[in-house]
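Take a look at the structure set out below.
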Amino acid sequence: EANFAEVDRKAVKLLSNLRKRTAWNTGDKTGRPDTTAEIPQAGISLSIPDGYEEKALGGDDSNSFVKRYASADNLSTINVAVLPLDGKTEREAAEEWLGRLGKTTVRSSAGKNSIGSFYWNISKDEHRNVTESMAVARGERLLIITGETSKERYPFFKERISAVFKSAK
């Protein structure tokens, strides 16, 4: 009977590892639909990939709005922030915000998509994390969508964050 507890522990560990591998598999989906996140402060909605859950944030600033979604293994996050532009360009406001988070720009560009012109950025931090972000002006506010993961996992994560950027409506 003592063996049953060991078998249960091994089964739980195996199932947990399978779930983690599925979350990072770029080809297969788990069959569950993506979650739609409504961002009324920016007048848009986004599709958050299956396997990401909304996490509570401490504090609430009336000038900004942030939602955070983390993968089941907590190795990647998708953040949505709505900030005042305060007369700045998309690029200036986005780089200032990323700088406050300790990010250093590696590459950036500008473009246009279904919700307007945007500023796109890849940045890094001192912990070898990679952050890909897209900033779009929405009236007097700036919508910033960021995805962050480790440098090693970024090739798998890139597909997911790109899908979030494309889903913005």
Side-chain angles (χ1 to χ4, degrees), residues 20-27 29 34-39 41-61 63-86 88-138 141-169:
K20 287 178 183 176
R21 270 186 249 135
T22 300
W24 288 102
N25 185 348
T26 59
K29 294 281 283 176
D34 291 345
T35 302
T36 300
E38 298 291 334
I39 314 297
Q41 294 83 349
I44 66 148
S45 64
L46 303 167
S47 290
I48 304 298
D50 175 38
Y52 284 77
E53 296 178 5
E54 187 170 357
K55 300 293 181 179
L57 296 171
D60 188 36
D61 183 354
N63 285 334
S64 63
F65 171 82
V66 179
K67 276 193 175 187
R68 174 172 302 207
Y69 298 88
S71 61
D73 58 8
N74 284 319
L75 295 176
S76 69
T77 59
I78 296 171
N79 300 307
V80 182
V82 180
L83 312 166
L85 268 173
D86 292 331
K88 299 177 191 122
T89 66
E90 294 159 343
R91 179 183 189 131
E92 292 168 341
E95 287 184 352
E96 180 182 304
W97 186 73
L98 290 167
R100 279 187 273 149
L101 297 176
K103 311 297 181 197
T104 305
T105 297
V106 174
R107 190 175 8 159
S108 64
S109 68
K112 198 165 198 159
N113 66 8
S114 62
I115 60 170
S117 62
F118 64 87
Y119 170 69
W120 173 87
N121 177 305
I122 290 188
S123 52
K124 64 180 181 175
D125 66 18
E126 61 190 30
H127 304 292
R128 295 180 38 91
N129 290 324
V130 176
T131 302
E132 186 170 346
S133 59
M134 181 180 78
V136 180
R138 304 292 288 172
R141 295 187 162 274
L142 180 71
L143 167 70
I144 304 177
I145 305 165
T146 62
E148 183 174 334
T149 193
S150 67
K151 182 178 178 181
E152 294 77 23
R153 293 197 181 254
Y154 179 71
F156 301 104
F157 181 66
K158 181 170 180 34
E159 183 178 308
R160 283 182 166 66
I161 192 64
S162 292
V164 174
F165 293 159
K166 289 177 185 171
S167 74
K169 299 178 196 161

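Computed from a predicted model, the values in this text were never measured in an experiment.
- Counting heavy atoms from C-beta on, the side chains of S117 and E90 come closer than 4.5 Å.
- The only option from I78, L98, I161 that meets the side chain to side chain contact (heavy atoms under 4.5 Å, CB included) definition with T146 turns out to be L98.
- Residues F165 and F118 are not in side-chain contact: their nearest non-hydrogen atoms beyond the backbone lie 4.5 Å or more apart.
- No side-chain donor-acceptor contact under 3.5 Å links Y119 and S133.
- Atom OG1 of T105 is separated from atom CD of E95 by 4.5 Å, given to the nearest 0.5 angstrom.
- With hydrogens and angles ignored, the 3.5 Å screen pairs no side-chain donor or acceptor of R138 with any backbone N or O of G116.
- Using a 4.5 Å heavy-atom cutoff, the side chains of E54 and T35 are not in contact.
- In terms of heavy-atom proximity, L85 sits nearest to A137 at CD1-CB, 3.9 Å.
- Within a 6.0 Å sphere centred on NZ of K124, heavy atoms belonging to other residues, nucleotides or ligands number 12 at most.
- The environment of NZ in K169 is sparse: at most 12 heavy-atom neighbours from other residues, nucleotides or ligands sit within 6.0 Å.
- A distance-only check finds no donor-acceptor pair linking the side chain of T149 to the backbone of V130 [under 3.5 Å].
- Taking the side chain as every heavy atom from C-beta outward, T104 and V106 never approach each other to under 4.5 Å.
- E132 places no side-chain N or O within donor-acceptor distance of the main-chain N or O of G147, the cut-off being under 3.5 Å.
- Note that NZ of K151 is 11.5 Å distant from CG of N129, once rounded to the nearest 0.5 Å.
- In this structure, N113 and M134 have side chains that are in contact, with non-hydrogen atoms separated by less than 4.5 Å.
- With hydrogens and angles disregarded, no donor-acceptor distance shorter than 3.5 Å links the side chain of S45 to the backbone of T36.
- The distance from the CG atom of L142 to the CZ atom of R91 is 13.5 Å, given to the nearest 0.5 Å.
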